[in-house]
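Remarks on the structure that follows.
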Amino acid sequence: MSDANPQIPLPRPTPLSKPHWDGCREGVLRVQRCGDCGSFVFIPKPVCDGCLGSNLSWVESSGRGTLYSYTVVHRPQQPAFEVPYTVAIVELEEGWHMLSNLVGVEPDHVEIGMPLEVSFERKSDEITLPCFRPRA
Amino acid sequence: MHSPFRGVAIVGAYDTRQARQLPGMTEAELVLDAVRGTLDAAGLAPTDVDGLNVSTWVTQISSRDVAQWFGGRPVWTGDSMPGIDALLQAAAAIATGQCHTALVATAQCGEYTARESTVSWTRPTNEFVECWGLYTAAEFALMAQRHMHIYGTRREALSEVAAAIRMNGARHPNAVMYGREVAPEDVVASRMVADPFHLFDCCITSEGGTGIVLTTEERARDLDVTPIYLLGGALDRQGMAYVTAPLWDRYGWVGRRAAQLAFEQCGLTPRDVDVAELYDPFSFEVIRQLEAYGFCKEGEGGDFVMGGRIRIGGELPVATNGGLLSYSHAGLVQLLQKPVNAALQLQGKLPADLTVPGAKVAIASNGGSGALFNDVMLLGTEPV
Ligand SMILES: [Zn+2]
């Protein structure tokens with residue numbers, strides 16, 4: 001660990017999750033949707049968690065949402081994370097939720113319900129993380 | 001009515017020494033201490049045991065390994081996670097005649113060495129969680145923040161929970177934090193970990209072992225112990241923990257179904273409960289469980305805990321040994337320590353100033369909202 005700024009742990013895409021991470025690299029937020037009951041499914045699953053059906057396809061999210069809950073973290077999970085950082089649950093316009101980090105906002109200005117939009121942050125050749133920033 | 005667990009009694013409960021670290025101790029030695037101490041507490045010999053669920057986390061000792069330590073004599077082994085889950089499985093084995101005396105024990109040590117990171121068992125490696133810097137405290141904080149947003153739960157309530165439980169540990173000679181008294185103002189003065197949780201809102205990490213032995217009501221009568229009866233118990237499992245967003249709307253009341261089932265099994269209600277060995281990984285979780293189990297209405301848990309109600313001498317003392325916040329938190333060991341302490345409390349074996357006089361019914365719980373599971377058990381001094 002001689003690196004002064006060690007890398008945070010990055011996702012290792014699986015065959016199941018690859019379309020999501022490929023999308024992030026291409027600047028598109030992709031989520032699974034059930035063709036039978038209409039549920040959005042996230043995190044990626046082999047079946048719909050609404051109806052247990054297999055008729056899932058990847059669709060594009062608007063990337064717009066609101067802040068559902070958050071925590072400003074002062075004790076990092078591991079030293080690579082620069083504190084403080086804000087862990088968020090984002091409620092997307094389509095009604096599904098995902099974990100993320102907030103960027104472009106001071107921890108003191110974070111409020112549940114605030115409008116957010118996805119902000120793709122490139123971390124490596126393979127991985128771009130879908131963070132969120134405030135939107136007007 | 002009779003509880004479906006009628007006929008099963010806890011006859012021994014025991015904690016090994018608990019400490020931040022137990023240098024030089026192996027998990028095998030530690031779990032053996034738990035096994036022997038539990039049998040001693042019941043006045044039982046190893047040859048009396050015909051059912052086992054004994055395991056460790058780091059070195060992965062299993063019930064089958066331990067069956068060999070017992071010379072292959074036990075006829076039944078269980079593999080449920082140590083804790084309420086394992087006890088319910090063992091009790092069911094006894095109630096259905098698969099074995100007569102079942103020992104459940106566990107221990108953990110030698111795990112936590114790299115202190116610049118949060119303890120390894122709190123750091124999930126899932127691809128949709130780890131990259132955001134999540135760990136257990138942050139998962140539970142996301143639940144707490146949403147609850148505070150919806151119901152206006154106050155910071156003072158979290159501080160009261162943390163201080164009340166930590167004061168219990170301060171008075172328990174076997175607690176890791178023995179002698180460390182904490183007032184509500186000390187909680188907010190401690191450093192911030194993950195908003196709204198300060199350091200003293202969060203469980204400690206430690207090493208230790210624990211055990212409990214169950215047998216038939218009939219055999220219990222022949223032993224020189226105060227038997228404690230299993231009145232009810234059930235699980236509420238909502239999927240793999242720490243892989244997905246801990247959504248309040250979906251998972252916030254986890255444990256409610258377990259509590260309802262447990263109370264239904266014995267015909268009791270929250271009003272009958274004298275002491276609550278609630279899972280306390282973080283201060284907020286106590287407030288949430290009190291609401292989920294029906295000790296108060298949704299959103300009223302913050303008010304419920306104030307005014308000394310959950311302290312020793314109050315209406316419903318919580319985590320009377322100091323819990324995960326102060327007594328010990330050694331990986332999964334704490335799951336089993338909840339019913340262990342409930343049994344010790346009802347047997348009158350806690351230090352005098354932590355004893356709840358006349359306590360007849362205790363509730364114990366395992367797991368919490370951030371972990372997406374919450375199991376519940378009811379114990380009593382009289383069978384139902
Ligand atoms: Zn569906």
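Within every chain, numbering begins at 1; the chains are lettered A, B, ... in the order of the sequence lines, protein sequences first and strands thereafter. The shown structure was predicted, so the numbers you read here are calculated from the model rather than taken from an experiment.
- Summarising the geometry of B:R237 relative to B:D375, their closest heavy-atom pair is NH2-OD2, 2.6 Å, with the distance given to 0.1 Å.
- Among B:L142, B:T244, B:L199, B:D249, the residue making the largest number of heavy-atom pairs under 4.5 Å with chain A is B:L142.
- Relative ring orientation between A:W58 and A:H20 is described as tilted, the plane-to-plane angle lying within the 30° to 60° band.
- Looking only at heavy-atom pairs under 4.5 Å with chain A, the residue among B:R250, B:R146, B:Q145 that has the most is B:R146.
- When the candidates A:V73, A:L129, A:I112, A:L99 are compared by the number of heavy-atom contacts under 4.5 Å with chain B, A:L99 comes out ahead.
- Across B:W248, B:F128, B:F197, the residue that shares the most heavy-atom pairs under 4.5 angstrom with chain A is B:F128.
- If you measure heavy-atom distances from A:T14 to chain B, the contacts under 4.5 Å come from both the backbone and the side chain.
- Aromatic ring centroids of B:H147 and B:F284 lie under 6.0 Å apart.
- Ionic pairing of B:D303 and B:R154 is present here: one or more N-O contacts between side-chain nitrogen and carboxylate oxygen are shorter than 4.0 angstrom.
- Between chain B and the options A:V87, A:L10, A:I127, the largest number of non-hydrogen pairs under 4.5 Å is found for A:V87.
- Using a 4.0 Å cut-off between charged side-chain N and carboxylate O, B:R166 and B:D186 make no salt bridge.
- Residues B:N126 and B:Y242 come closest through the heavy atom pair CB-O, 3.8 Å.
- Using a 4.5 Å cut-off between heavy atoms, A:Y85 touches chain B through its side chain atoms alone.
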